[in-house]
Amino acid sequence: MSCPDVPFYTRHTSIVARDLVGKKLVRTIKKDGSNYRLAGIIVETEAYGHNDDAASHAYMGITRRNSVMFSEVGRAYVYFTYGNHYCVNVSARSKKIEAGAVLIRGIEPVEGIEIMRQFRPVDNIFSLSSGPGKLTQALNINSILNGADMTDLQSELHIESVRKPENIVSTPRIGITKAAEKSWRFIDTSSPFVSRKLQLKIQ
DNA sequence: CGCTCGATATTCT
DNA sequence: GAATATCGAGCGA
C-alpha cells in the first residue's frame with residue numbers, strides 16, 4: 001500500500017481534485033483499547049485555489065483558520081462551518097500558486113462501517129458519508145486533525161492509492177456564489193454515493 | 001418527491 | 001451585522 005506523495009499534491013488543485021477520485025480516505029482510531037480502520041473510496045471532490053478563486057477561503061490571504069492552505073501540501077485542512085459541521089480538505093497547489101486545497105465531498109464506505117454508524121447513526125447507507133459534513137461525522141474528523149499529514153501511512157488521517165480513477169466528470173461547485181462558473185467539482189458517475197443527486201450539467 | 005427554513009460558530013465588513 | 005465550501009426536519013403535492 002502507498003500514499004500519494006508530495007509531488008502528487010504539487011500540481012494545480014483542479015488536477016489533484018480529479019486524481020483524488022477513486023483513492024481511499026483512511027481514518028485510524030483508538031476506541032475501547034483497540035485500533036480500528038475507518039475508510040471509504042473518494043467519489044466526489046472540489047478544487048479551491050488562491051487569488052484566482054473568489055470562492056476559496058484563501059482568496060483574501062492567510063488567516064488563522066486557513067493557514068493550512070498555505071502550509072506544506074498533503075496536509076488536512078479541517079474547518080467548522082454553519083455552526084454545525086466540519087469539512088475536510090487536503091492542501092495542494094502548483095508551484096507558482098501560494099495556497100490551495102481540495103475539499104472531499106463524498107466517500108463510499110468500505111471499512112469499519114459499523115464504527116461509522118456509531119459516530120453517525122443513520123439507517124440508510126447512502127446517507128452515511130455522502131456529503132462533506134456527513135463524512136467528517138462518520139469518520140469522527142474534527143479540528144484536532146487540522147494539519148495532519150495525509151501522505152503518511154502512520155497518520156491518523158491519510159489517503160491511500162487503491163485503483164485508477166474511472167468515469168469522472170466535472171461540474172460547477174456546490175453551495176457557492178462567487179466564481180460559480182468554474183467546473184472544479186469532480187464526481188465518479190458510476191457511484192451512488194454522491195451528494196445532491198448528481199447535478200451533472202455535463203458539457 | 002421537492003422546497004423552505006432553523007441551527008449556530010467563525011470570519012469578514 | 002451579514003454571509004457561509006451544510007444538514008435534516010417539516011411541509012405540501
Side-chain angles (χ1 to χ4, degrees), chain A residues 9 12-18 20-21 25 40 42-71 73 75-93 97-107 109 116-148 150 157 159 169-188 192-201:
Chain A
Y9 296 104
H12 194 279
T13 49
S14 64
I15 305 294
V16 177
R18 186 197 63 197
L20 280 175
V21 176
L25 180 66
I42 297 172
V43 298
E44 177 177 0
T45 63
E46 280 177 2
Y48 287 89
H50 182 215
N51 293 326
D52 57 330
D53 183 11
S56 173
H57 286 171
Y59 184 63
M60 303 297 269
I62 191 168
T63 65
R64 188 158 68 198
R65 177 175 67 162
N66 69 16
S67 64
V68 174
M69 293 181 77
F70 292 79
S71 75
V73 299
R75 302 302 173 104
Y77 169 39
V78 181
Y79 69 90
F80 192 58
T81 190
Y82 288 105
N84 288 286
H85 306 285
Y86 291 97
C87 292
V88 62
N89 302 245
V90 192
S91 62
R93 78 187 73 95
I97 305 290
E98 294 176 11
V102 174
L103 172 68
I104 299 174
R105 292 190 54 90
I107 63 173
M116 290 188 207
R117 283 196 204 273
Q118 291 178 21
F119 291 120
R120 178 174 163 75
V122 292
D123 293 331
N124 187 351
I125 186 84
F126 296 110
S127 183
L128 184 57
S129 56
S130 58
K134 299 180 189 179
L135 72 91
T136 52
Q137 186 184 1
L139 299 184
N140 195 31
I141 293 171
N142 53 52
S143 53
I144 294 172
L145 290 169
N146 191 46
M150 306 279 273
L157 185 65
I159 288 171
V169 301
S170 63
T171 81
R173 294 175 291 184
I174 302 295
I176 61 168
T177 54
K178 301 166 193 162
E181 79 287 354
K182 285 178 164 48
S183 286
W184 281 2
R185 173 175 177 248
F186 300 87
I187 59 180
D188 180 349
F193 295 85
V194 172
S195 65
R196 298 240 194 155
K197 305 209 169 155
L198 296 190
Q199 301 195 2
L200 283 185
K201 260 195 197 172

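Per chain, numbering begins at 1; letters A, B, ... match sequence-line order.
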Under 3.5 Å, N/O pairs linking protein and nucleotides 8-12 of chain B:
from   : atom 1 : to       : atom 2 : distance (Å)
dT8(B) : O2     : Tyr82(A) : O      : 2.3
dT8(B) : O2     : Gly83(A) : N      : 3.4

Consecutive-pair stems (at least three Watson-Crick or G-U pairs, under 3.5 Å) that include DNA chain C | B:1-7 with C:6-12, B:9-12 with C:1-4
For Gln118(A), what residues pass the side chain to side chain contact (heavy atoms under 4.5 Å, CB included) criterion, not counting sequence neighbours?
-> Lys31(A), Ile115(A)
Report which part of the nucleic acid Leu103(A) touches: base, sugar-phosphate, or nothing (heavy-atom distance under 4.0 Å, all strands).
-> base
Residue list, side chain to side chain contact (heavy atoms under 4.5 Å, CB included) with Arg75(A), at least two apart or on another chain = Val68(A), Ser71(A), Glu72(A), Ser91(A), Asp149(A)
Ala92(A): what forms a side chain to side chain contact (heavy atoms under 4.5 Å, CB included) with it, not counting sequence neighbours?
-> Tyr9(A), Thr13(A), Val16(A)
So which one's nearest nucleotide on DNA chain C is more toward 5', Arg120(A) or Tyr79(A)?
-> Tyr79(A)
OP1, OP2 of dA5(C) versus side-chain N and O of Arg185(A): anything below 4.0 Å?
-> no
Do Arg18(A) and Phe186(A) meet the cation-pi criteria used here (NZ or CZ under 6.0 Å from the six-membered ring centre, within 45° of the axis)?
-> no
Under the side chain to side chain contact (heavy atoms under 4.5 Å, CB included) test, which residues partner Asn66(A), sequence neighbours left out?
-> His57(A), Ile62(A), Thr63(A), Met69(A), Phe70(A), Tyr77(A)
Quick one: Lys134(A) NZ to dA9(C) P, roughly how many Å, whole number?
-> 11 Å
Sequence-distant partners of Tyr59(A), ring-ring contact (aromatic ring centres under 6.0 Å, His included), two or more places apart | none
Under the ring-ring contact (aromatic ring centres under 6.0 Å, His included) rule, collect the residues that match up with Phe193(A), sequence neighbours excluded.
-> Phe126(A)
Select one nucleotide: of dG8(C), dA5(C), dT6(C), the one nearest the side-chain heavy atoms of Ser127(A).
-> dG8(C)
For the pair made of CG in Leu135(A) and P in dA5(C), what is the distance, rounded to whole Å?
-> 17 Å
Let me know the distance between CG of Asn124(A) and P of dA9(C), rounded to the nearest Å.
-> 13 Å
Side chains of residues 134-144 of chain A: which donor-acceptor pairs under 3.5 Å do they make with residues two or more places apart or in other chains?
from      : atom 1 : to        : atom 2 : distance (Å)
Thr136(A) : OG1    : Tyr86(A)  : O      : 2.8
Thr136(A) : OG1    : Pro132(A) : O      : 3.4
Thr136(A) : OG1    : Gly133(A) : O      : 3.0
Gln137(A) : OE1    : Arg120(A) : NH1    : 3.0
Gln137(A) : NE2    : Phe119(A) : O      : 3.4
Asn142(A) : OD1    : Ile144(A) : N      : 3.0

State whether Thr177(A) places a side-chain N or O below 4.0 Å from either non-bridging phosphate oxygen (OP1 or OP2) of dA3(C).
-> no
Could you check how far CD1 of Ile141(A) sits from P of dT6(C), rounded to whole Å?
-> 16 Å
Output for pair (Arg93(A) CZ, Glu98(A) CD), nearest 0.5 Å, gives 9.0 Å
